[in-house]
Amino acid sequence: FKKGFAFPDWAYKPESSPGSRQIQLWHFILELLQKEEYQGVIAWQGDYGEFVIKDPDEVARLWGIRKCKPHMNYDKLSRALRYYYNKRILHKTKGKRFTYKFNFSKVVLVNYPILDMANCPFFLTQNHFNGGSAAPDCSPEVRRVWWGDRKRD
DNA sequence: CCCGGAAGGA
DNA sequence: TCCTTCCGGG
């Protein structure tokens, strides 16, 4: 990455880092959001970065399978999502049931390398809502505008 | 449903 | 540290 592009440290956790050993919930959410077969379960809806959990029980079940937590449910999963509020990874869309919104100015898609940006969920969202308009280039300026150039807290 | 404190696991 | 579990309260 170019300098002046202050991505948060937690986005750079190496594989060996204990914190990144296990899949993180927001990675998993993004993963589901990216796959068409889960659009009946969870999908982008509304504003950019906003998504709706259409089938909370199913999302919880899937998450439980991934984490080997057979007793996972939406109550517990949503608690984990609430911990993202302070981290500014997510926030709640108030008044809209099961609806949350990614804070893309903070979230860096670690699982989606810079070269794979055309497939990143944010651009998919853009395409989805803009009738398939071409994704913008990956210049630092574009990224600054779209993702923010926020420095570390 | 949604919120956040508290405790605890790996 | 990132949830998982449980829960009283709004």
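Protein chains get the first letters and strands the later ones, always in sequence-line order, with residue 1 at the start of each.
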So, is [X] close to the [N] phosphate, meaning a side-chain N or O under 4.0 Å from OP1 or OP2?
X        : N       : result
Gln22(A) : dA10(B) : no
Trp63(A) : dT4(C)  : yes
Arg97(A) : dC1(B)  : no
Lys96(A) : dC1(B)  : no
Lys67(A) : dT4(C)  : yes
Lys94(A) : dC2(B)  : no

[N] [atom2] sits how many Å from [X] [atom1], rounded?
X        : N      : atom1 : atom2 : value
Leu90(A) : dC2(C) : CG    : P     : 14 Å
Lys69(A) : dG8(B) : NZ    : C1'   : 11 Å
Tyr74(A) : dT4(C) : OH    : P     : 14 Å
Tyr83(A) : dG8(B) : OH    : P     : 13 Å
Leu81(A) : dC3(B) : CG    : C1'   : 13 Å
Leu25(A) : dC2(C) : CG    : P     : 12 Å
Phe98(A) : dC3(B) : CZ    : P     : 12 Å
Arg79(A) : dG4(B) : CZ    : C1'   : 5 Å

Test applied, side-chain contact (heavy atoms from CB on, under 4.5 Å); reference residue, Tyr74(A); option that passes from Ile53(A), Asp55(A), Val59(A):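 That would be Ile53(A).
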
Apply ring pair (Phe, Tyr, Trp, His ring centres under 6.0 Å) to the pair Tyr100(A) and Tyr84(A), showing each step before the final yes or no. CA-CA 11 Å; Tyr100(A) 301 81; Tyr84(A) 287 148; 9.7 Å; no

Assign [X] to base, sugar-phosphate, or nothing according to its heavy-atom contacts below 4.0 angstrom with the strands shown.
X        : value
Tyr84(A) : sugar-phosphate
Lys76(A) : base
Leu77(A) : nothing

Options dC3(B), dC1(B), dC3(C), nucleotide nearest the side-chain atoms of Trp26(A):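 Of the options given, the side chain of Trp26(A) lies nearest dC3(C).
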
With the side chain of Asp75(A) defined as its heavy atoms from C-beta on, choose the nearest nucleotide among dC6(C), dT4(C), dC1(B).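 My answer, after comparing the listed nucleotides, is dC6(C).
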
Below 4.5 Å, heavy atoms only, C-beta onward: do [X] and [Y] meet side chain to side chain?
X        : Y        : result
Trp26(A) : Leu90(A) : no
Gln45(A) : Lys96(A) : no
Leu33(A) : Trp44(A) : yes

